[in-house]
Amino acid sequence: MEQRLANTWRLTVNEKKFIETALHSDLRVDGRRPFDFRELTVKFGREDGSSEVQLGMTHVMGFVSCQLVQPYRDRPNEGTLSVFTEFSPMADPSFEVGRPAESAVELGRVIDRGLRESRAVDTESLCVVSGKFVWSIRIDLHIIDNCGNLVDAANIAALAALLTSRRPECSLGGEDGQEVIVHPPEVREPLPLIIHHLPIAVTFAFIGDENRVVIDPTHFEEGVMGGRLTATLNANGDVCAIQKAGGDGVMQSVIMQCLRIASVKAADITAKIKKAVDSYNTERTLRKIKRQPASVAVHVSEPSQTEVKELSKKHKEKSMLKSEESQSDDMEIETQFSEHDGTTRRDSSSKSFVGGPSSWDPYSKGVDFDELQASLASRGEVMPVEKLEKSRHDKPYEGESPNLLADSAAPLLAETTETGVEIKREKTLKDAVKPKHKRKKKASSNTDAS
Amino acid sequence: MEYVNPEGLRLDGRRPLEMRQLRAEIGVVSRADGSAVFEMGNTKVIAAVYGPREVQNKSQQINDQAVVRCEYSMANFSTGDRMRKPKHDRRSTEISLVIRQTMEACILTHLMPRSQIDIFVQVLQADGGTRSACINAATLALADAGIPMRDLVTSCAAGYLNSTPLLDLNYVEDSAGGPDVTVGILPKLDKVTLLQMDAKLPMDTFETVMQLAIEGCKAVANYIRELLLENTKQLEFRRGV
C-alpha cells in the first residue's frame, strides 16, 4: 500500500516531552509564540511565473506554465488548472523516489481544491475556441527543503507564481477563422492571468493531550502533533477550503477560533505576497526598458550612460527610503530578484531601479504593436547588429512617446524599446556562455581599439 | 439551477434538513474479521476489516502501537458512466489517507503493539457522500471485528445551495459546484476529527453548515448505535445466554 513508515524520522520521547511541556507555558522550541508565523520570504526568478518561497527553513519553488489543449467535454469553455507536486528525496529522509507518497498527493489536492473550487483563477478567460482550444495552466511545486508546514509554503509559492505568470496572447486566423495563432512574447506582450482572490492556506497543529493549538508547525512539532488542520481563506474572510484529515478530535469552538485567527493571518500574508509581486512587476517593466544587449554599449555614447547612472542613483536613494519605511513588519518580506545574466553594470543599474516611479513604463504606450510587427516583418532575418544600425536610423520616427523624450536618457531608451524585441533571443544565448563571451568581447573591442 | 423549489423541497423530494434513508448490515463478508454494508440513499459502500494480525511488512512494524492501513476503491460500475479507472488515482489515494487517519484516531492502537489492522472499503454505488458512507461503514466493520475503539466515528456531509443549508448532498447537488462540508465526529466526546470543505463560503455561513453536518453525524451515530445493540442482542441470543 505505501512505504510511509520505511524511513520515517521519529522524535525521541525526551524531545516530544520537551516540546509538549514548553507549550504549557506558551513557548515553542524555535522561540515563537503559539500564533506566530515564521519569517516569510518570497523571491521571483527571471522568468515569468516562477517563484521561490522560504518559510523559516522550509523551501518551496513554484513554476507555472501553460499549454493549449482540448477542454474537458463537460466544460467546453473553461481552461484547466492542475497542480503537480515534486517531493525531492533530498528534502527529507522520508521522501522517496518513485510514485508520489500519500503526503505529496494530499498536499497537491489541498492546494488544488483551494484554488480551483473557490474559482480563484478565472478559467473562462482561458478559453480560445470553445470546445477546441483552451489554455491549460500547470503549477509545479518543488519541495527543496522540508522543515515543516509544507502546505502553507507550497500554497504561497503557487499563488506567487500564478500572480507573475503570463500566457502568450493568441488570436484566430487562417482561411476559416478557426486557426489559432499564438503570438510569441517578442511580438505581443504576454497577458497576465486573471486571479480573483488569493486563497491562503494556514495550518494549525494540535499538540499534546490538551490539544494545544500552534500555527505554522515546524517539522519537530509535526512529529509530535496529534492532528492538523489546514484552513484556506482569502483576505475577505471567506473560507475556501478546509482539510482536517482525521487525527485528534477537537471541539467545534476551537475550529471556529482557528478560522478567525487564520483569516487575520491570511490578510497579512496576502499583503506580503501583493507587495512582493508589485515590486516584481515594477522591476519587470523597468527591465523592459533596460533591455539592451552588451553590444549596444559599444554604440552608446558615454554621456548618456553616465546620465542613466545618475538617474539610477536617485532612484536608489528613493527605494532605500522606501524599504526603510517598510521595515516595521513583523513578518518581513524581502524581495530579491535573481539576476543571472547581464554584465555587472546592467545588474547594478537595474537593481537600483526597484521601487522607481511607475510612469517609467513606456513599453505599452511608446510602441505600437502592429507597427512593430510590420517593421519586424519587413526586416526579416538580419543580423542583430544590422538591426541595431537600422533602428538607430529609425530613431526620429520613434518619437511618439512624450514622457520618454522628456527624459534625458530618452534616445537610449527609445532605441532599446525598439531593438529589445529582436535582441531577446540573442541575449539568452549569451547567458549560457556568459563568462567566456564577455572575455571575448573585451578582447575583440581591444583589438578594435588598437 | 433550482436545487430547492419554492415549496422547500429538494430535487429528490427531501426537505433541506432531511437525511437520506440509512440502511446498514453487519457481517456481510464471511472471511473477514469484521465487515459491513452501509447505505445512505443510493450510495452503497462495503467495508471489510482484517486484524489485528501480524505485520506483513516487518519494516513497517511499530513497537508501541498497531499499524492501521486503509484502501479505498470505487467499483467501475459505481458511477453513471462505466469506465475503467486507474487503480491509484490521486482522489482515492487522498480518501484512503483521510479514512486511515480518521480511524487511527479512534482505534486504541496502543493496546495492539506490533500488529496491523487492514481496512478495505469499496464503493458499490456512488450517489454523493461516498466519503461519509465509507467512514460509517468502516466504523461498523471495526466494531464488528471487535477492535477496541475510543468512540464510534460517524460522518455526514452538508452543503449550501440556493442560500439554503442542505444536509446529506446527493450526487446532483454535490456536483453543482457549491460548498460541500464533510464532517466526521466522535459523538460521545463531541469532538470533530474529520473536516473537509471546498468552494467559497463566508465564515458565519460555514459555521451553520458545519453545525448542520454535525447534527447529521449525531443522527448517524444514533442509528449505528441502535444497529450495534441489535446485533449484540442477536449474538447473545445465539449463544443461548
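Proteins come first, then strands; the chains are lettered A, B, ... in the order of their sequence lines, and each starts at number 1. Computed from a predicted model, the values in this text were never measured in an experiment.
Side-chain contact between A:Ile255 and B:Val192: present, with at least one pair of heavy atoms (C-beta onward) separated by less than 4.5 Å. Residues A:Ile242 and B:Phe206 meet the side-chain proximity criterion, which asks for heavy atoms closer than 4.5 Å. Counting heavy atoms from C-beta on, the side chains of B:Met197 and A:Lys244 never come closer than 4.5 Å.
In this structure, chain A has heavy atoms under 4.5 Å from both the backbone and the side chain of B:Arg91. Only the backbone of B:Asp190 has a heavy atom closer than 4.5 Å to any heavy atom of chain A. Proximity to chain B (any heavy atom under 4.5 Å) is shown, for A:Val239, by both the backbone and the side chain. Heavy-atom distances place the side chain of B:Ile214, and not its backbone, under 4.5 Å from chain A.
Within the 3.5 Å criterion, the main-chain N or O of A:Asp248 finds no donor-acceptor partner in the side chain of B:Lys191.
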**OP:** Could you give me the CA-CA distance, side-chain angles and deciding distance for B:Asp198 and A:Arg116, then say whether side chain to side chain contact (heavy atoms under 4.5 Å, CB included) is met?
**Re:** CA-CA 9 Å; B:Asp198 47 31; A:Arg116 195 209 307 266; over 6 Å; no

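Separation of atoms CD (B:Gln196) and CZ (A:Arg109) is listed at 8.5 Å; rounding is to 0.5 Å. Between the CD atom of A:Gln252 and the CG atom of B:Leu195 there is a distance of 9.5 Å, given to the nearest 0.5 Å. Rounding to the nearest 0.5 angstrom, the gap separating the CG atom in A:Asn236 from the CE atom in B:Met203 is 11.0 Å.
Using a cut-off of 4.0 Å between Lys/Arg side-chain N and Asp/Glu carboxylate O, A:Glu106 and B:Arg90 are scored as not salt-bridged. One finds a salt bridge joining A:Glu102 and B:Arg100 here, because a Lys/Arg side-chain nitrogen approaches an Asp/Glu carboxylate oxygen to under 4.0 Å.
Contact tally against chain A (heavy-atom pairs below 4.5 Å) for B:Met103, B:Gln211, B:Lys200: the top residue is B:Lys200.
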